[in-house]
Amino acid sequence: MKSIMTNNFNKCYMCGSHHWIEMHHIFGGANRNKSTEYGLVVPLCHYCHNEPPNGVHHNKKRMDWLRAEGQKKFQKTYKDLDFMEIFKKNYL
């Protein structure tokens, strides 16, 4: 799986931990396949990924930050594509 967010899949994108790493699709649900297609995936440790209260699946502020970072990176990487047209929402 490719990522435009990082080259290091052995380190949590949020806290830097090297333990219990899981892949997270920044835009899930109906946009999960688009996240894969455009490299909008990041490695997260289990705690930053899916444990309350700070895991992105339980913490709107952290999820919103990660989605904004994904949108910024998408816009720098794919200058000829319209993020809003593809993902249908502005996270900035």
Side-chain angles (χ1 to χ4, degrees):
M1 186 173 296
K2 72 173 184 169
S3 174
I4 62 170
M5 303 296 291
T6 183
N7 291 324
N8 189 345
F9 288 94
N10 298 311
K11 177 178 154 184
C12 178
Y13 186 80
M14 297 191 86
C15 76
S17 173
H18 293 276
H19 302 287
W20 203 353
I21 300 298
E22 304 168 347
M23 292 308 297
H24 173 69
H25 291 77
I26 296 174
F27 304 100
N31 289 318
R32 183 180 175 91
N33 289 339
K34 293 175 188 173
S35 282
T36 301
E37 179 181 350
Y38 294 108
L40 293 165
V41 294
V42 292
L44 296 177
C45 72
H46 180 74
Y47 300 101
C48 287
H49 188 211
N50 206 21
E51 286 293 321
N54 292 320
V56 294
H57 288 289
H58 302 278
N59 188 309
K60 183 178 179 344
K61 183 176 178 181
R62 293 185 96 198
M63 181 70 91
D64 288 347
W65 175 83
L66 191 54
R67 287 178 174 164
E69 292 298 302
Q71 181 175 346
K72 287 179 207 173
K73 190 67 172 182
F74 178 96
Q75 290 172 332
K76 286 181 184 176
T77 305
Y78 301 106
K79 294 180 181 176
D80 57 331
L81 299 178
D82 184 346
F83 181 88
M84 291 282 294
E85 184 177 313
I86 296 168
F87 290 95
K88 311 298 184 210
K89 189 171 179 182
N90 184 356
Y91 295 93
L92 299 179

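The shown structure was predicted, so the numbers you read here are calculated from the model rather than taken from an experiment. The analysis underlying the following values was restricted to heavy atoms, covering all of them including side chains, and did not include hydrogens, waters or symmetry mates. Nothing fancy with the numbering, it's 1 onward along the sequence.
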Derivation of the side-chain contact (heavy atoms from CB on, under 4.5 Å) call for Ile26 and Val42: CA-CA 7 Å; Ile26 296 174; Val42 292; 4.0 Å; yes

From [atom1] ([X]) to [atom2] ([Y]), nearest 0.5 Å:
X: His46; Y: His19; atom1: NE2; atom2: NE2; value: 14.5 Å
X: Met63; Y: Lys61; atom1: CE; atom2: NZ; value: 15.5 Å
X: Cys45; Y: Glu51; atom1: SG; atom2: CD; value: 9.5 Å
X: Met5; Y: Leu40; atom1: CE; atom2: CG; value: 7.0 Å
X: Phe83; Y: Lys34; atom1: CZ; atom2: NZ; value: 10.0 Å
X: Cys12; Y: Glu22; atom1: SG; atom2: CD; value: 9.5 Å

Remaining members of the apolar cluster that contains Trp20, side-chain heavy atoms under 4.5 Å: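 Grouped by the 4.5 Å side-chain rule, Tyr47 form the rest of the cluster around Trp20.
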
Would you please name every residue forming a salt bridge (Lys or Arg N to Asp or Glu O under 4.0 Å) with Lys60, sequence neighbours left out?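 Checked Lys60 against salt bridge (Lys or Arg N to Asp or Glu O under 4.0 Å); matches are Asp64.
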
Closest contact, heavy atoms only, Met14 versus Leu44: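 Here Met14 and Leu44 meet closest at CG-CD2, 3.5 Å.
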
Heavy-atom pair of closest approach, residues Ile21 and Ser17: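 For Ile21 and Ser17, the tightest heavy-atom pair comes out as CD1-O, 3.5 Å.
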
Run the side chain to side chain contact (heavy atoms under 4.5 Å, CB included) test against His58 and tell me which residues pass, sequence neighbours left out.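 If we apply the side chain to side chain contact (heavy atoms under 4.5 Å, CB included) test to His58, skipping adjacent residues, the hits are Asn50, Pro52.
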
Tell me every residue that passes side chain to side chain contact (heavy atoms under 4.5 Å, CB included) with Thr36, counting only those two or more places apart in sequence or in another chain.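 By the side chain to side chain contact (heavy atoms under 4.5 Å, CB included) rule, Thr36 matches His25.
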
Flag if over 12 foreign heavy atoms under 6.0 Å of NZ, Lys11: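 For Lys11, atom NZ is not crowded (no more than 12 foreign heavy atoms under 6.0 Å).
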
Ser35 side chain to Val41 backbone, donor-acceptor under 3.5 Å: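 Not at all, since once roles are kept as given, no pair shorter than 3.5 Å links the two residues.
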
Could you go through Arg62 and Cys48, starting from their C-alpha distance and side-chain angles, then the distance that decides it, and tell me whether this counts as side-chain contact (heavy atoms from CB on, under 4.5 Å)? CA-CA 9 Å; Arg62 293 185 96 198; Cys48 287; 4.0 Å; yes

For Asn54, which residues count as a side chain to side chain donor-acceptor pair (under 3.5 Å) partner, sequence neighbours excluded?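 Partners of Asn54 under the side chain to side chain donor-acceptor pair (under 3.5 Å) test: none.
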
According to side chain to side chain donor-acceptor pair (under 3.5 Å), does anything in residues 78-90 pair up with another residue at least two apart or in another chain? List the pairs.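 Counting only pairs at least two positions apart or across chains, the side chain to side chain donor-acceptor pair (under 3.5 Å) contacts touching residues 78-90 are Lys2-Tyr78, Gln71-Asn90.
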
Does one hydrophobic cluster hold both Val56 and Phe87, with members joined at side-chain heavy-atom distances below 4.5 Å?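 Same cluster: Val56 reaches Phe87 through Ile, Leu, Val, Met, Phe, Trp or Tyr contacts under 4.5 Å.
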
State plainly whether one hydrophobic cluster holds both Phe74 and Met23, where clusters connect Ile, Leu, Val, Met, Phe, Trp and Tyr through side-chain heavy atoms under 4.5 angstrom apart.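 Result: no, two separate clusters.
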
Could you check whether the rings of Trp65 and Tyr13 sit parallel, tilted or perpendicular, using 30° and 60° as the cut-offs?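 If you compare the ring of Trp65 with that of Tyr13, the planes turn out tilted.
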
NZ/NE/NH1/NH2 to OD/OE distance under 4.0 Å, Glu69 and Lys72: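 Counted as a salt bridge, because a side-chain N and a carboxylate O are separated by less than 4.0 Å.
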
Phe27 ring center near Tyr91 ring center (under 6.0 Å):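 Ring-ring flag for Phe27/Tyr91: true, centres closer than 6.0 Å.
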
